[in-house]
There are 4 protein chains.
Amino acid sequence: MVYVRDWVSVTPISVAGSDAGIVQAARVSLLHDDPPNFESDETGARDRGLINYLMREKHGTPFEHNSITFRAEAPIFVFREWHRHRIQSYNEQSARYTEMTPNFYIPSIERPLVNSGTSAKPVYDKKPTEDEWQFMETAVYESYQDSWGTYQRLLERGIAPEVARIVLPVGIISRMYATANLRAWMNFLSLRTHVEGAVHVSRPQREIEMCAELIEEHLTQFFPIAMKAYNANGRVAP
Amino acid sequence: MVYVRDWVSVTPISVAGSDAGIVQAARVSLLHDDPPNFESDETGARDRGLINYLMREKHGTPFEHNSITFRAEAPIFVFREWHRHRIQSYNEQSARYTEMTPNFYIPSIERPLVNSGTSAKPVYDKKPTEDEWQFMETAVYESYQDSWGTYQRLLERGIAPEVARIVLPVGIISRMYATANLRAWMNFLSLRTHVEGAVHVSRPQREIEMCAELIEEHLTQFFPIAMKAYNANGRVAP
Amino acid sequence: MVYVRDWVSVTPISVAGSDAGIVQAARVSLLHDDPPNFESDETGARDRGLINYLMREKHGTPFEHNSITFRAEAPIFVFREWHRHRIQSYNEQSARYTEMTPNFYIPSIERPLVNSGTSAKPVYDKKPTEDEWQFMETAVYESYQDSWGTYQRLLERGIAPEVARIVLPVGIISRMYATANLRAWMNFLSLRTHVEGAVHVSRPQREIEMCAELIEEHLTQFFPIAMKAYNANGRVAP
Amino acid sequence: MVYVRDWVSVTPISVAGSDAGIVQAARVSLLHDDPPNFESDETGARDRGLINYLMREKHGTPFEHNSITFRAEAPIFVFREWHRHRIQSYNEQSARYTEMTPNFYIPSIERPLVNSGTSAKPVYDKKPTEDEWQFMETAVYESYQDSWGTYQRLLERGIAPEVARIVLPVGIISRMYATANLRAWMNFLSLRTHVEGAVHVSRPQREIEMCAELIEEHLTQFFPIAMKAYNANGRVAP
């Protein structure tokens, strides 16, 4: 029996730092690193302006003195792309030491399945018909079932999980903790979201973009001023 | 039709630096960074001794002024572990922009399939019987065939490679270029080989160890003095 | 007028994560990443044991999902060594955009001034006599005064701070924010403290060791279980 | 007796990789990583176009499979900025284990000494008069002589180099090896050169820009096609 889902999840586990910390770290260079007060009539605008200035002028280091840890659940093919970001810390579910769980990803009917652009400039703008989606859904589901069945048979025979897992597809769901600072997360967003109007328009695979969108929501809550400046300056990580 | 192999490959693409470069870089700290001559009766022993001293005392930076690029072919579950090393540079075959090729990994009969230790301290010391191996081989081969068949059917229907690949197993062969300096490669070896007598005895999965062993052979050719010092000092990266 | 000090300071600015977070991150690999309870009779010992196991077996990544920011005041020659640690984030007082302040470092009479070992294995075990210290103190103080005087004269003439500062000595005090995760801080401690009995006995300059000792005190407060395991396992960063 | 210079030096020590290597690494993703031939009538334009495409679309990793080591001589205040680049490898002359040499930096009369902009947007566009320069030159030279004299007296008294050096100014010349890949060097150039028309106009201190200009000359020789693409795409590191 296998379970399928058409979603990913990203949950914040721990957050250190804030917009105020960005200002403080930047101000150590000018010898007055007292905590700012963004609500102040006198200094609030100046302090928000500093964050915007740092973003625009690409003074990136003040955005590094913080740390955000997420717990993500997503298919392996998403984590394969995610792990290419080297300025993050990772712990992922082990397929050597534990049995995987039978959770798999199948795209929803909202997710275009056909590339109507080129491979250098992919465009996914046409949702599948009910028939097309059903064809894909059935084929993928059956394939998942078969692979999982083989995995189970191998385990039952006493074969180690690290060997048995070689038949498992990259659509299987895995779990991990990922930690990075805001500067690194903004770089992740720049590469893993598709936003028209960005200075550099990236073309990520939809599934990692789904993760990135959830991450962006959380970051916007934790660092509202910095994230506003990020968007105002073309979504370029400083 | 799928092809299976029980091996991985690692081929050097480009090498910069040498044992001599390690000595030179270390000597810049002492103001005489002339190229050493290991063959010299007068200075050869001293220069080899310096490399040993740097290794033992964990002065790691002189081992970084070089670069070795390998082209590796291995299954995805190996690259998943490999990519967790963040001080390397990677380019891998894309499953978004190209069709994969039907090459898959199945362990040879030499590869123990059962963990006779614990999960915290796995031990793989018993080769499978012909029967056990045959059971595994047949089950895995058939599973690979089925997954590949589904992949092909999805592609034929016009579904994009980035979606169709979700059914492909982590045992499929991929290709990549991986570049790192000698210090980072020695760290890779420390973690990805199992050598009794090492200061820290690691327990890697056999398949990434197969890659590591090939890498070690090449490094030993390119940096014979440094690699001898690495082994003489307990296989700890400096 | 110049001010001298024989001390450095390290103040925590922000801390994220805890011993519990290390356990949680490690357990995501085993699918049960609930927060541990170290006080529990039933599970406390097991959870502390896990941290010790991770340290001993060099499973380093669970120690990365946290972040500690310090504000340090120390002479430039200390920051020169500190900045060679590349897995940290830095913001330092700018000598381009601001005038420096006339604070300088002079070693106390407790600090040995003579190397009674070799340059490969320095040993500083003999405190100076009153006379020796006085000689050093006077010479250094006067040199600081002269350099500062020149700096002031250059600034008064309208020369930019970034040029005028070229006469300032590396003994002048600077300020910075430094952020890293616990794994990186433990690596810093391994290299920047001299502790007999460590697996690798390092020989840092005393002044950066003074910073490291302050850092270690703070880390021991924030991560008592992990720091105990660090010491119990030879002060090797995992 | 001290020596002064108004220049820095950057000498290539070792180079691995080439424009061809960039194409090869990129093509591994498409399964045909044969060496390109830029001179070919048939494929040369296509292969140069690929490098330009990678640069424009910010596919940065193919630019990482190479390595360039430079030996640099420059004042300490330059190396202080340089070391903030964390994706490089460094070995520098030690002031703990060796005596420094009496070489110091004084700006030439070509180097503007006064900031006619603001501190947030410094502008150095007016060369000093003979008088202004002479004033600076004399003041700095005498300060260097005094500091060096104190350093010598401390050493003569038997005080360890690591302590005696605290009086030495940041204008003293040091030496180091610095190694990075082309992607990291391009990032260095983006931040450490001031070029009107760049997508992001940086405002580095002149002395590190002097190093960067020498580095750029060498890179342009070793990687002519990539460096052309770098300039054609706004001097943004990919």
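The chains referred to below are lettered A, B, ... by the order of the sequence lines, with proteins before strands, and numbering in each begins at 1. None of the values given here were measured: they were computed from a predicted structure.
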For D:Arg203 and C:Tyr97, work out which heavy atoms get closest and say how close. O-OH, 4.2 Å
Does any part of the side chain of D:Val163, heavy atoms only, come nearer than 4.5 Å to the side chain of C:Arg111, both counted from C-beta? yes
Atom NZ of residue position D:Lys58 - does it have more than 12 heavy atoms of other residues, nucleotides or ligands inside 6.0 Å? yes
Determine whether C:Val140 and D:Leu154 make a side-chain contact, defined as any pair of heavy atoms from C-beta on separated by less than 4.5 Å. yes
Please identify, among D:Pro107, D:Ala164, D:Gly158, D:Ser143, the residue contributing the most non-hydrogen atom pairs under 4.5 Å to chain C. D:Ser143
Per-residue contact mode, C:Pro128 against chain D (heavy atom under 4.5 angstrom): neither
With a 4.5 angstrom heavy-atom cut-off, which part of C:Ser89 approaches chain D: side chain, backbone, both or neither? both
State whether the number of non-hydrogen atoms from other residues, nucleotides or ligands found under 6.0 Å of D:Leu155 atom CG is greater than 12. yes
Select one option (side chain, backbone, both, neither) describing which atoms of C:Phe104 are under 4.5 Å from chain D's heavy atoms. neither
Using non-hydrogen atoms only, which part of D:Thr150 is less than 4.5 Å away from chain C: side chain, backbone, both, or neither? side chain
Do you know which of D:Arg153, D:Arg84, D:Glu81, D:His83 has the most heavy-atom pairs with chain C at a distance under 4.5 angstrom? D:Arg84
Correct closest heavy-atom pair for D:Asn115 and C:Ala160 would be N-CB, 4.2 Å
Please indicate whether C:Ile109 has more than 12 foreign heavy atoms, meaning atoms of other residues, nucleotides or ligands, lying under 6.0 Å from its CD1. yes
For D:Arg165 against C:Val170, the heavy-atom pair lying closest together: O-CG2, 3.2 Å
In terms of heavy-atom pairs under 4.5 Å, which option from C:Glu132, C:Arg86, C:Gln205 contacts chain D the most? C:Gln205
Nearest heavy atoms of D:Met136 and C:Ile159, plus distance in Å: CB-CD1, 3.7 Å
Nearest non-hydrogen partners of C:Pro204 and D:Arg96, listed with the distance: C-NH2, 3.5 Å
Side chain / backbone / both / neither for D:Gln88 at chain C, heavy atoms under 4.5 Å: backbone
Scored by heavy-atom pairs under 4.5 Å with chain C, the best of D:Ile76, D:Asp146, D:Ile166, D:Thr118 is D:Ile166
Engaged part of D:Tyr151 at the chain C interface, taking heavy atoms whose separation is under 4.5 Å: neither
Which heavy atom in D:Arg80 sits nearest to a heavy atom in C:Glu92, and how many Å separate them? NH2-OE2, 2.7 Å
Relative to chain C, which segment of D:Pro122 carries a heavy atom at a distance below 4.5 Å: side chain, backbone, both, or neither? side chain
Could you measure the distance from the CD atom of D:Glu162 to the CD1 atom of C:Ile208? Nearest 0.5 Å is fine. 11.5 Å
At a 4.5 Å cut-off on heavy atoms, which part of D:Ser116 comes close to chain C: side chain, backbone, both, or neither? neither
